[in-house]
Each structure stands twice: as structure tokens, then as C-alpha cells.
Number of protein chains: 2
Amino acid sequence: MKVSDVNEAYDELAFEPHEEELLSRVAWHYYHDGLTQSEIGERLNLSRIKVSRMLDRGRRMGLIHVHINSSYGGCFALEARLQEIYGLDEARVIPAQETGNINDRLAEAASQYLMGRLKDQEMLAVGWGATVMGTLQRLARTLSYRDISLVSLTGGVSAYIEGVASGRSSQNVHLIPAPLVVSQESIAEAIRAERHVVEVMSMARTANYALVGIGAVADEATLIASGYASRSQFEIFRRQGAVGDIIGIFYDQNGVPLDLPFHKMLVGLDFDALSAIPQVIAAAGGPRKVEAIRAAARGGRINVLITDEPTAEAILEKDQA
Amino acid sequence: MKVSDVNEAYDELAFEPHEEELLSRVAWHYYHDGLTQSEIGERLNLSRIKVSRMLDRGRRMGLIHVHINSSYGGCFALEARLQEIYGLDEARVIPAQETGNINDRLAEAASQYLMGRLKDQEMLAVGWGATVMGTLQRLARTLSYRDISLVSLTGGVSAYIEGVASGRSSQNVHLIPAPLVVSQESIAEAIRAERHVVEVMSMARTANYALVGIGAVADEATLIASGYASRSQFEIFRRQGAVGDIIGIFYDQNGVPLDLPFHKMLVGLDFDALSAIPQVIAAAGGPRKVEAIRAAARGGRINVLITDEPTAEAILEKDQA
DNA sequence: GCACATCGTGATCATATGATCGACGAAAAC
DNA sequence: GTTTTCGTCGATCATATGATCACGATGTGC
């Protein structure tokens with residue numbers, strides 16, 4: 001090959017057919033035949049370094065394309081965009097699937113995420129919600145094996161955490177011994193002043209990770225189903241601009257907490273304390289929660305989001321413009 | 001390919017959903033994000049060596065596929081001449097290579113070709129032979145991902161198609177439940193009259209693509225190795241002018257099918273039915289098959305030929321004068 | 001229960017790869 | 001004609017990679 005030929009052809013977008021053939025040949029030997037660059041070089045009378053550069057060019061120009069043959073493949077693009085747009089530390093998107101409970105699948109993904117993250121003897125703070133419960137159930141074995149401490153972010157957790165804690169030395173599980181919501185502000189204040197409660201809450205502030213759910217302001221919410229709130233209350237929240245809640249705290253479309261009487265009756269940490277935890281991980285998905293998740297992400301309430309493909313698409317669609 | 005290899009490959013085709021996700025993620029970071037294996041390791045809490053092994057596994061299982069996105073597979077001059085001389089719709093010629101199994105390399109090329117061609121929910125009819133088997137193994141993931149239906153052109157396919165079909169809803173795979181050849185004409189007739197067999201065969205006629213191998217009339221033929229025919233039979237075929245076979249049907253040097261008793265004992269489609277399929281794709285190569293491939297091309301038995309460089313040269317040499 | 005095979009794991013090390021640098025040659029600018 | 005600029009080339013070297021080995025866990029058959 002003449003050097004001048006190459007110079008004439010130098011144009012990032014197109015190259016000589018002759019070079020394209022050579023490149024295809026090099027790429028074929030490299031990727032399909034498993035030859036090393038040196039072997040290809042001596043076979044085609046090229047220096048090793050030149051083969052290396054041809055492969056590089058082929059990759060950059062898209063002549064060599066790596067396809068990942070999996071339903072997960074499409075989700076990574078969504079993850080990257082979620083991370084970029086909302087400044088998340090990490091996003092996990094699980095593939096769309098008609099069959100199967102979405103909360104179960106999210107819980108599975110969340111537990112897998114945590115299994116890969118939690119180190120020995122770290123502390124995990126947990127919020128409230130169906131997805132959180134499912135995640136903890138799946139994590140139970142890992143937690144005891146790695147000597148992870150659990151601490152609750154709010155009241156009302158003991159009901160479902162006991163199964164998880166069974167068989168473990170109880171000193172590693174610290175629960176707020178109270179419901180999530182009480183009927184009067186004065187009672188909530190009294191509980192929050194209890195020595196044990198104060199201790200647990202200050203311990204929660206030292207956790208490495210917080211695992212929370214995100215609730216929609218819809219009649220199907222777990223808060224209503226479990227009797228902590230009524231439909232009429234939700235109607236009021238909605239009129240005040242609430243789009244979702246995290247650990248019982250309702251926020252508007254920008255993720256800013258609202259000033260509601262309901263919040264005064266909660267037993268648990270507030271948003272400032274939650275934000276102080278290094279990694280706040282939220283697992284949530286489904287059509288009803290799109291707005292709630294989007295607002296939480298926009299407001300910087302969470303660092304890690306685990307959701308499903310259609311939800312991720314719906315969230316991003318609104319912020320594309 | 002040895003049977004043991006096939007079995008191993010089948011075992012590897014199945015894996016846990018969680019592993020698939022992790023693998024996809026690793027592959028994505030490696031190939032699309034350009035991270036090093038160490039970086040991926042620390043990000044996902046895996047040892048570097050484990051990442052390396054996962055990538056290796058992903059490549060072998062066909063989850064990771066390197067596509068060389070050239071309008072030509074590699075050797076255009078040969079491809080252009082093959083297309084012109086034999087009126088093929090398309091020819092793919094892969095570079096010469098002494099080492100490495102030629103059938104594996106052809107299977108790779110064929111699977112790549114089909115991946116670029118097959119659209120969602122189309123139907124692929126498959127013939128018989130080692131190269132076809134290898135191609136299907138590589139295609140397995142793509143097939144299920146794109147919801148491609150498979151249908152057999154002949155009997156005897158079930159032995160190797162099962163691994164490919166595993167994990168897929170069986171309604172998309174339609175096999176002729178019989179061997180390729182039976183011992184008596186009457187038995188073949190009876191099988192061909194079976195309702196289920198009739199159904200599958202009429203379905204095969206509606207396929208968009210047919211993928212077939214081309215066999216040589218040589219003692220090393222897969223037909224002999226697998227016990228469907230004997231050396232003495234081959235000797236007779238040869239004397240009657242046979243130069244090769246496609247889906248068990250032997251033809252002369254012009255690609256015209258011979259009138260052999262053997263054909264009456266086949267369970268499968270005939271040449272007329274095969275020709276009715278819009279795209280008949282043949283993948284074959286090697287010195288012994290030169291005559292067989294040339295005759296098939298001359299006779300218009302195939303529309304697309306995938307072969308290797310020395311074979312292509314040998315074929316063309318005979319028709320140059 | 002114990003020996004044994006099998007598999008997955010990480011450590012070590014040789015090799016493959018690609019980033020950097022200076023040299024060279026061709027075209028363009030002066 | 002000279003100089004400048006640009007791009008390619010190969011040498012060198014740090015790094016990335018994968019082959020090999022040895023270990024420990026797990027499961028299996030006797």
C-alpha cells in the first residue's frame with residue numbers, strides 16, 4: 001500500500017474499499033479466529049502496531065460492532081441516562097416483563113444490588129414499604145453471613161423485619177419500637193423523646209446505606225392498605241401538591257417535602273437526616289409511581305434508583321424536553 | 001464437531017437469569033464503556049479474574065457477539081464473482097485460515113449473516129449437517145430474542161436442535177419427528193403421511209429462509225459418520241454421477257437431482273419445495289466440497305452461499321474458462 | 001463416615017495490547 | 001527552495017489480559 005493512498009483516503013467517515021477489505025480481514029482474524037495481533041501482522045505483512053491501529057479505527061468507525069444478545073442490553077442505555085439526567089450515583093433498570101409481580105422483581109434486583117455492595121459489618125438502614133420488605137427477605141441470609149447490622153429509619157418496621165432477624169444475634173437489629181404514624185402529634189413527640197428511640201434514630205444516622213421505597217399518592221398505596229392513612233387524607237395531600245412519599249414524608253413534584261400535619265405524627269427520621277446517609281437506595285416501579293420517582297430523583301432525595309424498564313422510559317420521557 | 005463438545009455447549013446454553021444480567025452488565029461495561037476488567041471488578045465487586053472468565057463465557061455462549069459491519073464479509077473480489085457467475089443473491093467469503101475448524105468458522109459467518117437478515121417473528125427452516133448445527137447454536141439467543149420460529153426441512157434434526165430450543169416456548173419449534181432416512185420406502189411413505197409430519201412440512205414451505213449444508217460424496221461425509229448411509233452406497237451414488245447432496249438429496253454436476261432409491265427413503269422436503277423458499281442459504285467449505293458447492297450453485301439450488309476463500313477460488317477456477 | 005472427583009476461586013506470571021514519543025516523509029504555506 | 005504542518009510509522013514501555021497452578025468448598029459414591 002502506498003502511503004499517499006492512505007492520505008488521500010483519510011476521512012474519518014469513509015475509507016478506501018481496499019482498506020475496508022483489509023480491515024474486515026484483520027477484524028475477522030482477531031475476533032472470530034482468535035489470532036493475536038502479532039499473528040495477523042505476520043500473516044498479512046503488517047506490523048503489529050498497525051494491526052492494533054486498524055482494529056482501533058474499525059471500532060471507532062463502527063465497522064466492528066459488539067452486540068450483547070440479551071434482554072438486559074436495552075436497559076443499560078436507560079440506566080446511563082437516568083444517572084446523567086438526575087445525577088444519580090447509580091441506576092438499575094430491569095427488563096420489561098408482563099408476567100410476574102413487579103415488586104418481587106424489583107426486590108430481587110435490589111437484594112442483588114445490595115449483596116454486591118454491602119461489606120462485612122456495615123450498617124443498613126431500612127425504610128418502610130412492600131418492596132423493602134421483599135428485599136430484606138431475600139437478603140436475610142447474606143445479612144447474617146456478613147454480620148450486617150440493621151436499623152430502622154421509621155417506626156412500623158418491626159412487623160415485617162422479625163422474620164428477617166430470626167436466628168441472628170438480636171444486638172445487630174435495632175428497631176424503633178413504635179408504629180410508623182400515631183394519632184396525635186403529642187404522642188409522636190413523646191415517643192421520639194424516649195431514650196431507646198433516640199438511640200436507634202441516632203444510630204440510623206450513622207448507617208452506610210439506606211434502603212427505602214417510594215410511594216405514590218394513589219388509593220392503592222401501601223400506607224392506605226395498612227391503615228396508616230386514609231383515602232381522604234391522600235386526597236388532601238394530593239391537593240397540596242404531593243406526588244409521592246419516602247418513609248412517610250410527602251413531597252411535591254420537585255422532591256421538596258411538604259408541610260403537612262401528617263408529618264408531625266410520624267415516628268422516624270426526617271429528610272435532612274436521610275440525606276445525610278451516604279447512599280440512599282430506592283427500589284420502586286410501576287405506572288402509578290412514575291411521578292413520585294421522578295420527583296424524588298429531581299430533588300436529589302436518592303442516590304441509587306432501582307426500577308423497571310417501562311417506568312424508566314416514562315420517567316425519562318417527561319424530562320427529555 | 002464431536003458429540004461431547006455439543007453436549008458441553010448445550011449445558012452452557014442454560015444459565016440463571018441473575019447470571020445473565022451480571023454477564024450482560026460486565027459485557028456492556030467492557031465493550032461499550034471501554035472500562036478495563038479491573039475497573040469493572042471494583043465497580044461490581046468482583047475479582048478481576050472473575051470478570052475475565054465471565055467475558056470468556058459470554059463469548060462462548062454467544063451472548064456477546066462481534067459483528068463485522070461491512071457490506072462484504074471480507075473478500076469482495078471473490079464474492080462479486082461468485083454472485084455474478086452463478087447468479088447468487090449474495091455470497092460471503094471468509095478469509096483463509098489454516099488453523100481452526102473450518103465448519104466452526106463458517107457457522108460463525110452464517111450466524112452473523114442470519115442475524116443481520118432475520119426480522120422479528122420470521123420463520124427459519126433448517127436442514128441437516130454439522131455446519132447447520134453450529135450455526136443454530138450460535139444463533140440460539142438471537143432466535144429466542146427475536147421470536148424466530150424454527151422448522152425442520154427433514155427428519156433427524158431433533159437430535160441437535162433441542163439444545164437450541166431449550167428455554168423457548170416449544171410452539172415456535174416445529175420438528176419432523178423422524179430420522180432423516182428410514183430403511184424402507186414404505187416406512188418413509190407412512191411417516192410422510194402422518195398428520196403431524198404433513199403439517200410440519202407444509203409449514204416449512206412457508207418459511208422465509210432455509211439454512212442448509214452441502215455434503216460431499218466422500219467417505220468423510222456426515223451422512224456416513226452418523227450412520228445414515230454407508231460407504232458402499234456412496235460409491236454407487238458416485239458412479240451414477242452424484243457430486244454432492246443438500247438435505248439428503250444427491251445431485252449431479254449440474255445440480256440436477258438424481259433418481260436414486262435412497263431418495264425415496266428420505267423423510268423431508270424435495271428440491272422443488274426447497275426452491276420455493278425465497279432465500280436458500282448454504283454454508284459449506286473445504287476442498288472436498290468444491291465440486292458439490294459448484295454444482296449446487298450452477299443448478300440454482302441456492303440463493304446465498306457462505307464459504308471460505310480457498311474454496312471460493314477453487315470453485316471459480318473451474319468456471320473461469 | 002471417608003475418600004474422591006469436580007468445580008469455583010484467587011495468586012502468579014508470561015504474554016498481548018495500546019499509550020507515548022521521536023523520527024520520517026509528504027503536502028502546503030511562505 | 002525552504003519551512004511549516006500534518007499525519008503515519010515503529011520503538012519502547014506500562015498496563016491489561018488470560019493461562020496455569022494450587023487451594024478450598026462442595027457434592028458424590030463407596
Side-chain angles (χ1 to χ4, degrees), chain A residues 1-16 18-23 25-64 66 68 112 115-116 118-120 141-142 144-147, chain B residues 4-5 7-23 25-64 66 68 97 99-100:
Chain A
M1 190 196 317
K2 272 286 196 278
V3 176
S4 58
D5 294 340
V6 176
N7 283 340
E8 280 166 26
Y10 190 74
D11 173 7
E12 280 294 319
L13 293 175
F15 42 13
E16 292 204 340
H18 171 225
E19 191 173 358
E20 181 172 338
E21 172 169 353
L22 189 58
L23 213 104
R25 199 178 282 264
V26 167
W28 184 277
H29 283 315
Y30 190 70
Y31 286 106
H32 295 311
D33 297 335
L35 301 183
T36 69
Q37 296 181 356
S38 315
E39 287 171 319
I40 297 167
E42 56 190 65
R43 191 164 305 222
L44 302 178
N45 280 321
L46 301 164
S47 72
R48 184 192 70 75
I49 197 71
K50 196 165 176 182
V51 172
S52 178
R53 283 183 182 131
M54 292 187 81
L55 286 169
D56 186 48
R57 200 150 71 236
R59 281 184 286 251
R60 276 202 323 253
M61 298 177 55
L63 198 116
I64 297 163
V66 180
I68 297 168
Q112 246 137 49
M115 272 185 222
L118 287 169
K119 301 261 192 293
D120 285 5
R141 271 183 28 216
T142 304
S144 59
Y145 184 64
R146 298 206 192 152
D147 194 23
Chain B
S4 58
D5 294 338
N7 285 338
E8 279 170 27
Y10 286 172
D11 291 344
E12 285 170 1
L13 277 174
F15 49 0
E16 317 242 332
H18 170 227
E19 191 177 2
E20 177 173 341
E21 185 201 330
L22 192 58
L23 233 144
R25 194 172 293 277
V26 166
W28 185 274
H29 284 316
Y30 191 71
Y31 288 108
H32 291 263
D33 298 338
L35 300 182
T36 69
Q37 296 181 354
S38 314
E39 286 171 319
I40 297 167
E42 57 192 63
R43 189 171 297 217
L44 303 179
N45 278 320
L46 302 165
S47 71
R48 185 194 68 75
I49 196 70
K50 198 167 174 179
V51 172
S52 177
R53 283 184 183 129
M54 293 187 81
L55 286 168
D56 185 48
R57 212 168 119 88
R59 280 183 285 251
R60 275 184 296 126
M61 295 187 355
L63 198 119
I64 298 163
V66 180
I68 297 167
Q97 168 81 15
T99 64

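Letters go in sequence order (proteins before strands), and every chain restarts at 1. Please read these numbers as outputs of a predicted model, since none were measured by experiment. Because only heavy atoms are used, hydrogens play no part in the values below, and waters and symmetry mates are left out as well, while side chains stay in.
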Problem - Partners passing side-chain contact (heavy atoms from CB on, under 4.5 Å) against B:Glu42 (at least two apart in sequence or in another chain) - result: none

What does the list of N/O pairs under 3.5 Å between the protein and nucleotides 17-19 of chain C look like, with a distance for each?
| unit_1 | atom_1 | unit_2 | atom_2 | d |
| --- | --- | --- | --- | --- |
| C:dT17 | OP1 | A:Tyr30 | OH | 2.8 |
| C:dT17 | OP2 | A:Gln37 | N | 2.7 |
| C:dG18 | OP1 | A:Arg59 | NH2 | 3.3 |
| C:dG18 | OP2 | A:Gln37 | NE2 | 2.6 |
| C:dG18 | OP2 | A:Ser52 | OG | 3.0 |
| C:dG18 | N7 | A:Arg48 | NH1 | 3.4 |
| C:dG18 | N7 | A:Arg48 | NH2 | 3.2 |
| C:dG18 | O6 | A:Arg48 | NH2 | 2.8 |

Exercise for the section: Send over the distance from B:His29 NE2 to D:dA16 C1', rounded to a whole Å. Expected result: 18 Å

Exercise for the section: Check whether any side-chain nitrogen or oxygen of A:Ser47 sits under 4.0 Å from OP1 or OP2 of D:dG10, and answer yes or no. Expected result: yes

Practice task
For B:His29, check ring-ring contact (aromatic ring centres under 6.0 Å, His included) against everything at least two apart and list the hits.
Solution key: none

Practice task
Ignoring backbone atoms, test whether B:Lys50 places a side-chain nitrogen or oxygen under 4.0 Å from the OP1 or OP2 oxygen of C:dG10.
Solution key: no

Problem - side chain to side chain donor-acceptor pair (under 3.5 Å) involving B:Tyr31 - partner list, sequence neighbours excluded - result: B:Arg59

Exercise for the section: Only counting residues at least two apart or in another chain, list the ones meeting side-chain contact (heavy atoms from CB on, under 4.5 Å) with A:Gln112. Expected result: A:Glu108, B:His18, B:Glu21

Problem - Pairing residues for A:Arg53 by the side-chain contact (heavy atoms from CB on, under 4.5 Å) criterion, not counting sequence neighbours - result: A:Ile49

